[in-house]
*Asks:* 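Here you go, one structure.
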Amino acid sequence: MNDEGYMDVALDLAKSVQGQTSPNPPVGAVIVKDGSIVGIGAHLQAGSAHAEVHALEMAGDKAYNASIYVTLEPCSHYGKTPPCADAIIKSGIKRVIIATVDRNPKVAGKGIEKLQKANITVDTGVGNEKAEELYGPFFHYAASQTPYVTLKSATSLDGKTATITGESKWITGEKARLDVHHYRHENDAILVGVNTVIADDPKLTTRLPNGGRNPLRIILDTHLRTPQEAKMVTDGEAETWIFVANGVSQDKINFFTTNTDARVIQLETETIEIDPVLRYLGREGIMTLYVEGGSGVNGSFLNAKVVQQVITYMAPKLIGGEDAPTSFAGSGIESLKEALQLSIKSVEMLGDDIKIISVPKEV
Ligand code: NDP
Ligand code: ZN
């Protein structure tokens, strides 16, 4: 195998732990000596050993004069664990191949510098494109201290999310719905508006064939209208936080939290603005947020221009009806120039449906 091949193994290891490492990035490492893999590792969880440490432990003495492939620049600072750059130097590794430099200011080139000072050959750029994609959320969070937002919608070909009577189950097919559960598993938190909670009483848990990790569940609910018996606040399957505005009385909040499992977070404003919600989540270490609507909430995220990735599932159905809802409500715009410009990254068939991933164009 060549450098790209070994890096692909490391990237696969990193991808396999995506969603379970926040607020740390998913990292994979592979140690190769004389053409054989002698150690592999992934960072499983914040607070536990880094990928390089696992791989070095597995390699033992074989790490001497070997090469290590790492998806992200090895750390050089003392966090919850000692610096990986030091462990690599100590092991006698002679070459380090890095897919992407860590843009987190705590590392940003310092790991590479440390290795080079110890006369280790450092090569960067192998597998860079794939790594940039993998670390998009991590770099976004490091730079903004707010979560990377993925907004999902499921519509008919004419862009409707329900019929005129509000029937929406199910517009898309089984494969598209299963795909949504992968995103729930990979994201730290999932967010909906209170109308969706009242209309559908969803659980918003991850139900993949092999289970999966449940995201933190978040409801935007100005007046605390969430029913006390809603599944999200009673099922105990995952934490649920409800953002409310300043008009809700402390008594009402106390009564609600006594009778449910939810945490109620009161903002200082009369309405719920998206930016403070994202900053709050960022402070709580939420690196990735999956927005599942409905259209009111989607419209607010669009207006606030805080979406990093849009995922659209479209079913080959035409629903029609002037009053049938679409994915985005909100105040709308007057001129096409103000529209959020996206680039389509991929188009894929999932059963009979189309999945489109798009990202905002850089301006
Ligand atoms: P939402 O679920 O988007 O909830 C909107 C409500 O959330 C608002 O009316 C408001 O109520 C509250 N809210 C609080 N803060 C904000 C904010 N900053 N921005 C927007 N809303 C805020 O409601 P919709 O009625 O638009 O959509 C619900 C319908 O959508 C349901 O019927 C559901 O089945 C469907 N749906 C369809 C999906 C699909 O993919 N096809 C996905 C999800 C839902 P208040 O003022 O009381 O706080
Ligand atoms: Zn490290």
Side-chain angles (χ1 to χ4, degrees), residues 21 24-25 27 29 41-43 46 48-56 68 70-88 98 102 104 106-107 110-111 114 151-156 159-172 176-177 180 190-202 204 218-226 242-245 247-248 267 269-278 290-304 306 311-315 317 319 324-331:
T21 58
N24 286 355
V27 183
H43 176 51
S48 73
H50 289 186
E52 300 92 316
V53 172
H54 283 304
L56 286 169
I68 185 168
V70 206
T71 55
L72 185 69
E73 178 179 1
C75 65
S76 57
H77 61 291
Y78 276 87
K80 289 185 182 118
T81 56
C84 290
D86 292 357
I88 291 172
I98 298 168
D102 194 344
N104 173 1
K106 276 192 221 155
V107 183
K110 293 188 202 113
K114 210 168 193 180
L151 189 147
K152 162 245 159 178
S153 71
T155 72
S156 57
K160 300 293 188 187
T161 56
T163 65
I164 47 166
T165 59
E167 189 184 338
S168 63
K169 283 182 178 146
W170 298 104
I171 290 177
T172 49
R177 297 199 320 262
V180 167
I190 183 167
L191 182 146
V192 293
V194 63
N195 288 355
T196 296
V197 179
I198 293 169
D200 302 347
D201 192 16
L204 302 184
I218 295 162
I219 306 170
L220 301 188
D221 183 3
T222 317
H223 307 103
L224 195 47
R225 293 191 289 128
T226 299
I242 305 177
F243 282 90
V244 302
V248 183
L267 299 173
T269 44
E270 258 174 56
T271 55
I272 299 177
E273 303 302 320
I274 303 301
D275 283 327
V277 170
L278 293 180
Y290 189 53
V291 177
E292 269 203 55
S295 54
V297 157
N298 289 352
S300 292
F301 272 78
L302 178 62
N303 284 352
V306 291
I311 300 187
T312 313
Y313 301 94
M314 284 191 121
K317 290 187 175 88
I319 294 178
T326 59
S327 299
F328 294 86
S331 49

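In each ligand, atom 1 is the first atom listed, and ligand 1 is the first ligand listed.
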*Asks:* Looking only at distances, please establish whether an N/O atom of ligand 1 is found under 3.5 Å from an N/O atom of Glu292.
*Replies:* no

*Asks:* Consider every N or O of Asn298 and every N or O of ligand 1, then say whether any pair is closer than 3.5 Å.
*Replies:* no

*Asks:* Closest approach of Ile274 and Ala304, non-hydrogen atoms and distance?
*Replies:* CB-CB, 4.0 Å

*Asks:* Does an N or O anywhere in Arg225 fall below 3.5 Å from an N or O of ligand 1?
*Replies:* yes

*Asks:* If you count every heavy atom of other residues, nucleotides or ligands that lies below 6.0 Å from Ile164 atom CD1, does the total exceed 12?
*Replies:* no

*Asks:* Taking N or O atoms only and a 3.5 Å limit, does Ser153 qualify as a polar contact for ligand 1?
*Replies:* no

*Asks:* Could you tell me whether atom 42 (C) of ligand 1 has a protein heavy atom closer than 4.0 Å?
*Replies:* yes

*Asks:* Check ligand 1 against Gly193 and write out every atom of the ligand that is under 4.0 Å from a heavy-atom position of the residue.
*Replies:* 1 (P), 2 (O), 4 (O), 7 (O)

*Asks:* Do ligand 1 and Ala199 have nitrogen or oxygen atoms that lie under 3.5 Å from each other?
*Replies:* no

*Asks:* For ligand 1, note which part of Asp200 has a heavy atom under 4.0 Å away: side chain, backbone, both or neither.
*Replies:* side chain

*Asks:* Please answer whether the main-chain N or O of Ala245 pairs with a side-chain N or O of Thr222 as donor and acceptor at a distance below 3.5 Å.
*Replies:* no

*Asks:* Any nitrogen or oxygen of Ile272 lying under 3.5 Å from a nitrogen or oxygen in ligand 1? Just yes or no.
*Replies:* yes

*Asks:* Considering only the protein, which heavy-atom contact is closest to atom 30 (O) of ligand 1, and what is its distance?
*Replies:* Gly294 CA, 3.9 Å

*Asks:* Mark up the atoms of ligand 1 that fall under 4.0 Å of a heavy atom belonging to Thr161, in ascending order.
*Replies:* 41 (N)

*Asks:* So which of the N, O or S atoms of His50 lies nearest the Zn ion (ligand 2)?
*Replies:* ND1

*Asks:* Any protein heavy atom at under 4.0 Å, with atom 37 (C) of ligand 1 as the reference point?
*Replies:* no

*Asks:* How about His43: does one of its N, O or S atoms come closer than 2.8 Å to the Zn ion (ligand 2)?
*Replies:* no

*Asks:* May I ask you to decide whether Asp86 forms a salt bridge with Lys114, counting only side-chain N to carboxylate O separations under 4.0 Å?
*Replies:* yes

*Asks:* Got an N/O contact under 3.5 Å between Val192 and ligand 1?
*Replies:* no

*Asks:* Give yes if a backbone or side-chain nitrogen or oxygen of Ser300 is under 3.5 Å from a nitrogen or oxygen of ligand 1, and no if not.
*Replies:* yes

*Asks:* Name the closest protein heavy atom to atom 40 (O) of ligand 1, giving the residue it belongs to and the distance to 0.1 Å.
*Replies:* Ala154 N, 3.4 Å

*Asks:* Should Ile274 be counted as touching ligand 1, given the test is an N or O pair under 3.5 Å?
*Replies:* no

*Asks:* So, Thr163 versus Thr165: side-chain donor-acceptor pair below 3.5 Å or not?
*Replies:* yes

